[in-house]
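Position 1 is the first residue of the sequence, and the numbers go up from there. First listed ligand is number 1; within each ligand, the first listed atom is number 1.
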Amino acid sequence: MSAIPIDLLIRNVRIVACDDASCSVAPPGFVEIAGGRIAAVGVGAPALAGSVRDEIDAGGALLTPGLIDCHTHLVYAGNRAREFEMRLEGASYESIARAGGGIVSTVRQTRDADTETLFAESARRLESLMRHGVTTVEIKSGYGLSLAAELKSLRVARSLGARFPIGVRTTLLAAHALPPEFSGRPDDYIDEVVQRILPEAARLGLADAVDAFCETIGFTPAQTRRVFEAARAHGLPVKLHAEQLSNQHGAALAAEFGALSADHLEYLDEAGAIAMARAGTVAVLLPGAFYFLRDTHVPPIDLLRRHGVAMAVATDCNPGTSPTTHLPLMLNMACTLFRLTPAEALLGVTRHAAQALGLQATLGTIEVGKVADLCLWNVDQPAALAYEIGAGALRARFKNGVQHPLQ
Ligand code: DI6
Ligand code: FE
């Protein structure tokens, strides 16, 4: 019971709660929201002491935390449909990248786009994410690869968060690929990243974290370490694209720096999993990229389970390897392709996704005191969220306790 004025009461709702092994559904109950936060949660009807401004009867629908997409490259211009065709004709992702396509082709288009165009193209994807229940999204730079274009991308990401009812966390991914003007000089580009781009992004408050692509077609562990040291010097947490196409021992390196997450992880080994467990680094699984690249090397899920590494699931929304904004579809793919349980997958887009962004104190679960980011679903059980392939089961989405139309 609460005496504070309630802004919104959602009654007749079945609240989903997950532990690490399964999800349970509470008997029909209610959630009270005040000041954008969850003020009370309970079973049955609320015993209201104060005023209630607004009220919704959910008709027994399922309520989950708002979904969190903790790994996207949402801000970019253009598309790579032609490369999709080339891959269908037999070219590999690596060979296209080596021939000057791949990430660098999106870099060209992103550099050429003015801020308004970049905002408009990215907004279209953001709106699609929101229609699928996403209330918080992480957005990486990494298609600018110059001081000006990286800052432009981060500014667009920040303006998207200001303009739309969704939380945006930004990540500087200047070490995503080698820009053409630094061809053959990767260490010089890393100098540029650590001496100019990262300090400037930090000074302007445009980056909440720093990421790198540690891979044979990206940057070496030694170069990644330099980026991490610069991030640490500027007080920014790190994340890493690690072990996607080969084992570079990037996850262990990330863990050494107390990384929030190591992402992809198809080639993770046991030492990497142990290091992640010790550091509390979340494993972010990206089944959309695995699917789109027709990868067959499944991330070592049992190893992650055995060592108690928290697993998150994200879209990896990007034009080259995962052109999707459908986070609920990723639940199905995580279960079908990686054999996650539906409960693990749901945790992966709620509690563990919050942890991958360092936001677990305020987001990711339905608890008193947390931010009232919530989704109501037209399904009868939590497993149905992962079971239905790309279904539109979302009934309502609340950001900071306010319901926003889905269209
Ligand atoms: N790994 C990926 O899957 C994306 N970036 C990365 O480091 C791919 C980005 C692209 O191809 O545009
Ligand atoms: Fe990625």
Return yes if some donor-acceptor pair links the side-chain N/O of [X] with the main-chain N/O of [Y] below 3.5 Å, else return no.
X      : Y      : answer
Tyr189 : Ala174 : yes
Ser105 : Gly102 : yes
Arg125 : Cys317 : no
His132 : Leu327 : no

Review point. With a 3.5 Å cut-off and no angle check, do the side chains of His241 and Asp263 form a donor-acceptor pair?
Key: no
Practice item. May I ask you to list the protein N, O or S atoms found at less than 2.8 Å from the Fe ion (ligand 2)? Key: His71 NE2, His73 NE2, His241 NE2, Asp316 OD1
Practice item. Decide yes or no for Thr106 and His73: does some side-chain heavy atom of the first lie under 4.5 Å from some side-chain heavy atom of the second? Key: no
**Study point:** Between OG1 on residue Thr171 and NE2 on residue His176, distance to nearest 0.5 Å
**Key:** 12.0 Å
Check your understanding: Do NZ/NE/NH1/NH2 and the carboxylate oxygens of Lys140 and Asp316 come within less than 4.0 Å?
Key ->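 So Lys140 does not pair with Asp316 through a salt bridge.
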Review point. Do NZ/NE/NH1/NH2 and the carboxylate oxygens of Glu200 and Arg155 come within less than 4.0 Å?
Key: no
Between the protein and ligand 1, are there any N or O atom pairs that come within less than 3.5 Å of each other, and if so, what are their names and distances?
unit_1   : atom_1 : unit_2 : atom_2 : d
ligand 1 : 1 (N)  : Gln244 : OE1    : 3.0
ligand 1 : 3 (O)  : Gln244 : NE2    : 3.1
ligand 1 : 3 (O)  : Asp316 : OD2    : 3.4
ligand 1 : 3 (O)  : Thr321 : OG1    : 2.8
ligand 1 : 5 (N)  : His176 : NE2    : 2.8
ligand 1 : 7 (O)  : His176 : NE2    : 3.2
ligand 1 : 11 (O) : Arg80  : NH2    : 2.7
ligand 1 : 11 (O) : Tyr93  : OH     : 2.5
ligand 1 : 12 (O) : Arg80  : NH1    : 2.9
ligand 1 : 12 (O) : Arg80  : NH2    : 3.3
ligand 1 : 12 (O) : Tyr143 : OH     : 2.6

